[in-house]
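Input: a single structure, listed below in structure tokens.
In this chain, numbering begins with 1 at the start of the sequence shown. Order of listing sets the numbers, starting from 1, for every ligand and every atom in it.
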Amino acid sequence: MKFKEGFLWGGAVAANQYEGGYLEGGKGLSCSDMLLGGSATKPRTFCPIKIEGAFYPSHEAVDGYHRVLDDIKLFAEMGWNVFRLSINWARIYPNGDDEEPNEEGLKFYDAIFDECKKYHIEPLVTLSHYEIPWNLVKNYQGFYSRKMIDFYLKYVETCFRRYKDKVKYWLTFNEINAGIMGDALASLMGLGYMTKEDLSRIEPCEFEQLHDNPQERFQALHHEFVASALAVQLGHKINPEFIIGDMCSHIVWYPHTCNPKDILAWQEKDSLFNDFCADIQINGEYPPYAWAYLRKHNIDTSYILDGDLEILKNGTVDIHTFSFYISNCVSTDPHVEKIGGNLVGGAKNPYLKASEWGWQIDPDGLLYNLNKLSSRYPHTPLMIVENGLGAVDRVEEDGSIHDYYRIDYFKQHIQAMKKAVDNGVNLIGYTSWGAIDIVSAGTGQLKKRYGFIYVDRHDNGTGDFSRSKKDSFYWYKKVCESNGENID
Ligand code: BGP
């Protein structure tokens, strides 16, 4: 079977990792602007005060703020018909609780969407991708506060009304499930949530030193569910043609052995990480295992107010979108060898190779995930909105970049997509991650490159931001132009 006509092919970025211009055009600080870089072995540092001379990767990122129109030309040259980007909330409402939106910020995205239109590229807009205004983190503990629902909706309504004839595809929250395991970096970036104690710090500190309060974290997550469901309802009122999706991180989990104890541990982890949020946003209700999980962990759910469950019911998403990079194993053996991964690590899988950052590469895992999602949500179209390989690239003397490893990674994953389509999976599109080199969310590095387009920017702050095409650029152009037929 072939990919359907009109299949969406393109790439994805997030504003905080791509734009830079962190205080330009009236933008306020966002949560990501408070982070220093780390590495594969050293976590990022939370840095609530400005340290002179320290390198904050998002502040200039890869200078997309000044170069995005030229970048879109390159995307069009690759034959894209979709470009996933996020609107940086703090560009539109610099403090998050402002009365009026920032016109300069709105104009910035007008120009982007107009340029996309010129090339028949559909923008796919993530409304919140790790860019919660810092003021809302600092003074409200992010989505822990119920007031955030109103701030978010005001921002979303501004975007929906302003861009209603320019943007059709919207995602309410990036990787809404990322913080579900209590990782402090994911909680901050996704939920804008930190404990009061940690927020009162004035010293930089590593994320591992920060605290987690599951009661507050699950409250924050619930507020995001309500905010997302209200956004879906509002969007459909403003323009019934809008297609609005959720977005989850899907890490495929396997039981490490066939020991029934491992199977049960796997089942619990899989449903918490992969299904909890998606079930709520797609089916419009907390499933029984989710209530059981909250009970088991003594979460007092009195934050769920009258009417909230009705809101969830009436605000289910039109499409389910997800990121897929890795798989990991679940084991009950405390001595099992561990491996890292996309914010959440697990037990090492002896059958898989890993990237230089220890992310296990598993195209069969993508096929497994697509098959699973298609039977779990048979009426909801699926879209892969992040997938890619973070690797170190070498620039040859003549300027060329032979990233055959990246081509190989993509080839295998697109082959898996083809098999899924053969199985009847309703897959509507694919945006590779970091279509152009950008800052890594997990480590803050520029060395961890994902793009088809190389950017001359480095972790010591050097580089002139110039762009050049990698071998993968020409390869992906063939893929997009042939609707996924020509992948060799
Ligand atoms: C996802 C995020 C992205 C992105 C990607 C790759 O979790 O949605 O923002 O960065 O992972 O991760 P990293 O940048 O850490 O390599």
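- For ligand 1 and N174, the ligand atoms under 4.0 Å from any heavy atom of the residue are 8 (O).
- In terms of protein heavy-atom proximity, atom 13 (P) of ligand 1 is nearest to S440 OG, 3.4 Å.
- Residue T443 places no N or O, backbone or side chain, under 3.5 Å from any N or O of ligand 1.
- The nearest non-hydrogen atom to atom 12 (O) of ligand 1, considering only Y325, Y130, Y18, W359, comes from W359.
- In this structure, D70 pairs ionically with K73, as a charged nitrogen and a carboxylate oxygen lie closer than 4.0 Å.
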Residues 181-191 side chain polar contacts: donor-acceptor under 3.5 Å, at least two apart:
| unit_1 | atom_1 | unit_2 | atom_2 | d |
| --- | --- | --- | --- | --- |
| D183 | OD2 | L185 | N | 3.2 |
| D183 | OD2 | A186 | N | 2.8 |
| S187 | OG | D183 | O | 3.1 |

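- Residues E131 and R91 are not paired through a salt bridge, judged by the lack of any N-O separation under 4.0 Å between the basic side chain and the carboxylate.
- Looking from atom 7 (O) of ligand 1 to the surrounding protein, the closest heavy atom is E175 OE1, 2.5 Å.
- Partner F322 forms a side chain to side chain contact (heavy atoms under 4.5 Å, CB included) with one of N387, N369, V385 and no other, that one being N369.
- A donor atom on one side chain and an acceptor atom on the other are found under 3.5 Å apart for D403 and S472.
- Considering backbone and side-chain N/O atoms, G442 comes within less than 3.5 Å of an N/O atom of ligand 1.
- Residue R376 forms a side-chain hydrogen bond (donor to acceptor under 3.5 Å, both in side chains) with just one option from N283, N371, D279, and that option is D279.
- Of the listed options K448, Q445, Q17, Q17 places a heavy atom closest to atom 10 (O) of ligand 1.
- Counting protein heavy atoms only, atom 16 (O) of ligand 1 is closest to Y450 OH, 2.5 Å.
- Of the options F225, Y193, F173, a side chain to side chain contact (heavy atoms under 4.5 Å, CB included) to F143 is made by F173 and by none of the others.
- Each of the atoms 1 (C), 2 (C), 3 (C), 4 (C), 5 (C), 8 (O), 11 (O) of ligand 1 lies under 4.0 Å from some heavy atom of E386.
- Nearest protein neighbour of atom 14 (O) of ligand 1, counting heavy atoms only, is A441 N, 2.7 Å.
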